[in-house]
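See below for the structure under consideration.
As the structure is a prediction and not an experimental result, all values here were calculated from the model. Just so we're on the same page: letters track the sequence lines, and every chain starts at 1.
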Amino acid sequence: MELYKTNQLKIYNSLSKSKELFVPIVEGNVGMYVCGPTVYSNVHLGNVRTFMSFDLIFRYLKHLGYKVRYVRNITDAGHLENDADVGEDRIAKKARLEQIEPMEVVQRYTVDFHNILQKINNLPPSIEPTATGHIVEQIEIIKDILNKGLAYEINGSVYFDVLKYNETEHYGILSGRNIEDSIHNTRELDGQSDKKNPQDFALWKKAEPQHIMRWPSPWSDGFPGWHLECTAMSTKYLGETFDIHGGGMDLKFPHHECEIAQSQVKNKVKPVNYWLHANMLILNGMKMAKSTGNYILPDEIFTGDNKILPKAFSPSATRFFMLQAHYRSILDFTSAGIEASEKGYLKLMEAVNSLSKIEASKASSIDINSWKQKCYDALNDDFNSPILIANLFEAVKYVNLLIDKKETLTADDLQNFKITINAFVFDVLGLKNDMQEDSSDKLSGVVELLITMRKEARDNKDWALSDKIRDELAVLGIQLKDGKEGTTFSVN
RNA sequence: GGCGUCGUGGCCGAGUGGCUAGGCUGGGCUCUGCAAAAGCUCCUACAGCGGUUCGAAUCCGCUCGAUGCCUCCA
């Protein structure tokens, strides 16, 4: 029987601001849409955190036995530099600066994006559609909204009429805003605008003559507004109403608010049942920003080539660091923080590697099922990975006690224990075992030989020789561990 | 200015109206030839001030502080 039938998954819904029992529209199936990156520069660590958070959610839903269709777009056009009629999207701007074709920019940073997410061990989404591949769909939606009288055309551009929409619907339902407030509090924007009201947002923008990325439409040669692509693609692949929509906290307003408005007008139904928002990653207590230099790229962490960290940290250690915080909490990336996480991660992996050393007994002194239930309870409570990890460290202690024969498990319980640990560590948390790669048979044969020689030296009280073996192996990154049942080793 | 979020022990980070988070670090003990590893154990907590309550770090109010959005942003 599928696990979802016995697990009560609760999800925090940004729309209701409360945890709700998760019930998908179609039993056993989940449709999930997550706003992807704008591919105009390298992904930074904050992006990675968001996508990793939704990777955890994707993985757990799959683990529970759901058939998940996970759609995450690539924004490769139509993303306005700002909303004040500058008339140039950021992809095109970057292309001009670098003297290359816009699609070359898109290609370069899409590849970078995929590389980083692969290193961090994110699963690829089920569908990864691009904005430029869905221009036709977007134009159709604009036509529909125009026909319904909730958009207007001015000088070849089309804008969504937020005030009119607000007469019958609540624009601000997700972000907790009232349109009346924002009318009085909108800051002055530079440049002139065709918009009737500052709150209105672009559905279609007429391209200036020098603008390279352009498509024909009934209104002008131009490009779609940013908010529209997500509506077009989520509707196309997941339906008019789907289960989960995710994205970074900063997209709540205006992006997701605009999506809701567009969908409500087009389809007359609420587009999403559960809105999920991942919180921000900050660096040394401050917002990450290129302009201030408070900034680090994922690859700079993996290579150690940066001014913030004393050494390199593996993608797995980085992932583990981020999983130790809940996805809805702000996470502060610091050198001390990731160093502590790396040690914990290595400790966890060492325990996983030691599972094979446990021998079964006739009786169990540990209640594995109740421990296992605590792991599920953690994730069922709005994907609480920090609590899951705390429970996994409980398991680490069990592993060490079992190896020392201070606790016992029956063969069945032991099997259950191993399967559960592996499932949570590798399938759900998506960690990779950095400690396994070097443990080839040949290497372990050599180390075992040295361990035997050291034991002989110790038996002869030749401490100089035994310490020499131990210390020089340590220099090579091989640590010897003397236990009651003899000496074992681990490779770093 | 408006709308939010948050303020937990040396650090990072969970959580709950009364009962252990967990990791890292530091101290002690056991084990050990010595160490390491492992196990056991200890320490300074819930920004401040009021209020609700038998009882609040957990609910409410105010103050202070941090941070996000309001303009592209994961």
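Note on A:R454 versus A:D462: no salt bridge recorded, every NZ/NE/NH1/NH2 to OD/OE distance being 4.0 Å or above. By the 4.0 Å N-to-carboxylate-O rule, A:D112 lies too far from A:R108 to be salt-bridged with it.
For B:G2 and B:G10, the P atoms lie 36 Å apart once the distance is rounded to whole Å. Comparing the same atom, C1', in B:A66 and in B:C24 gives a spacing of 24 Å after rounding to whole Å. Between the P atoms of B:A57 and B:C64, the separation comes to 22 Å (whole Å). B:U63 and B:C6 are spaced 16 Å apart, taking the C1' atom of each and rounding to whole Å. B:U58 and B:G15 have their C1' atoms separated by 9 Å, with the value rounded to a whole Å. B:C43 sits 15 Å from B:G28 when the P atoms are compared, rounded to a whole Å. The gap from the P atom of B:G27 to that of B:U8 amounts to 26 Å, rounded to the nearest Å. The separation of B:U16 from B:C69, taken at their P atoms, amounts to 27 Å, rounded to a whole angstrom.
A:A325 comes within 4.0 angstrom of the backbone, heavy atoms only, and of no base. Among the heavy atoms of the strands lying under 4.0 Å from A:H44 is at least one base atom, whether or not backbone atoms are also near. At the heavy-atom level, A:R328 lies nowhere under 4.0 Å from the strands shown.
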Inset, instruction - Report, as a single string ordered 5' to 3', how protein heavy atoms within less than 4.0 Å touch nucleotides 16-31 of chain B: B base, S sugar-phosphate only, - not at all. - result: -----BSSSS------

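Between A:N279 and A:I282, the residue whose closest nucleotide on RNA chain B is further toward the 5' end is A:I282.
Taken residue by residue, residues 396-408 of chain A places heavy atoms nearer than 4.0 Å to RNA chain B at A:K397, A:N400, A:L401, A:D404. Listed in residue order, the members of residues 450-466 of chain A having a heavy atom less than 4.0 Å from RNA chain B are A:R458, A:W463, A:S466. The stretch residues 45-61 of chain A comes close to RNA chain B through A:G46, A:N47, A:T50, each having a heavy atom under 4.0 Å from the strand.
The distance between atom NE2 of A:H255 and atom P of B:C70, rounded to the nearest whole Å, is 13 Å. Distance NE2 (A:H326) to P (B:C6): 11 Å, rounded to an integer number of Å. Distance, A:F253 CZ to B:G2 P: 16 Å, rounded to whole Å.
Here the options are A:Y70, A:F58, A:F113, A:Y327, the test is ring-ring contact (aromatic ring centres under 6.0 Å, His included), and the partner is A:F51; only A:F113 passes.
Every residue was checked against the salt bridge (charged side-chain N to carboxylate O under 4.0 Å, His left out) condition with A:D367, not counting sequence neighbours, and none meets it. A:K468 is linked by a salt bridge (charged side-chain N to carboxylate O under 4.0 Å, His left out) to A:E472, counting only residues two or more places apart in sequence or in another chain. Judged as a salt bridge (charged side-chain N to carboxylate O under 4.0 Å, His left out), and not counting sequence neighbours, the contacts of A:D382 are A:R328. Residues that satisfy the side-chain hydrogen bond (donor to acceptor under 3.5 Å, both in side chains) test with A:S361, not counting sequence neighbours, are absent from this structure. Judged as a salt bridge (charged side-chain N to carboxylate O under 4.0 Å, His left out), and not counting sequence neighbours, A:K17 has no contacts. With sequence neighbours left out, A:R214 forms a side-chain hydrogen bond (donor to acceptor under 3.5 Å, both in side chains) with no residue at all. For the side-chain hydrogen bond (donor to acceptor under 3.5 Å, both in side chains) test, residues two or more places apart in sequence or in another chain that qualify with A:Y237 are A:H134.
Using a 4.5 Å heavy-atom threshold, the side chains of A:L56 and A:S385 count as touching.
Relative ring orientation between A:Y376 and A:F424 is described as perpendicular, the plane-to-plane angle rising above 60° on a 0-90° scale split at 30° and 60°.
Put simply, A:K252 has no side-chain N or O that comes within less than 4.0 Å of OP1 or OP2 on B:C3.
Judged by distance alone, with hydrogens and angles left aside, the side-chain atoms of A:W275 form no donor-acceptor pair with the main-chain N or O of A:L174 at under 3.5 Å. Looking at A:D482, its side chain never comes within 3.5 Å of a backbone N or O of A:T487 through a donor-acceptor pair.
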Give every donor-acceptor pair under 3.5 Å between a side-chain atom in residues 244-252 of chain A and any protein atom, sequence neighbours left out.
none

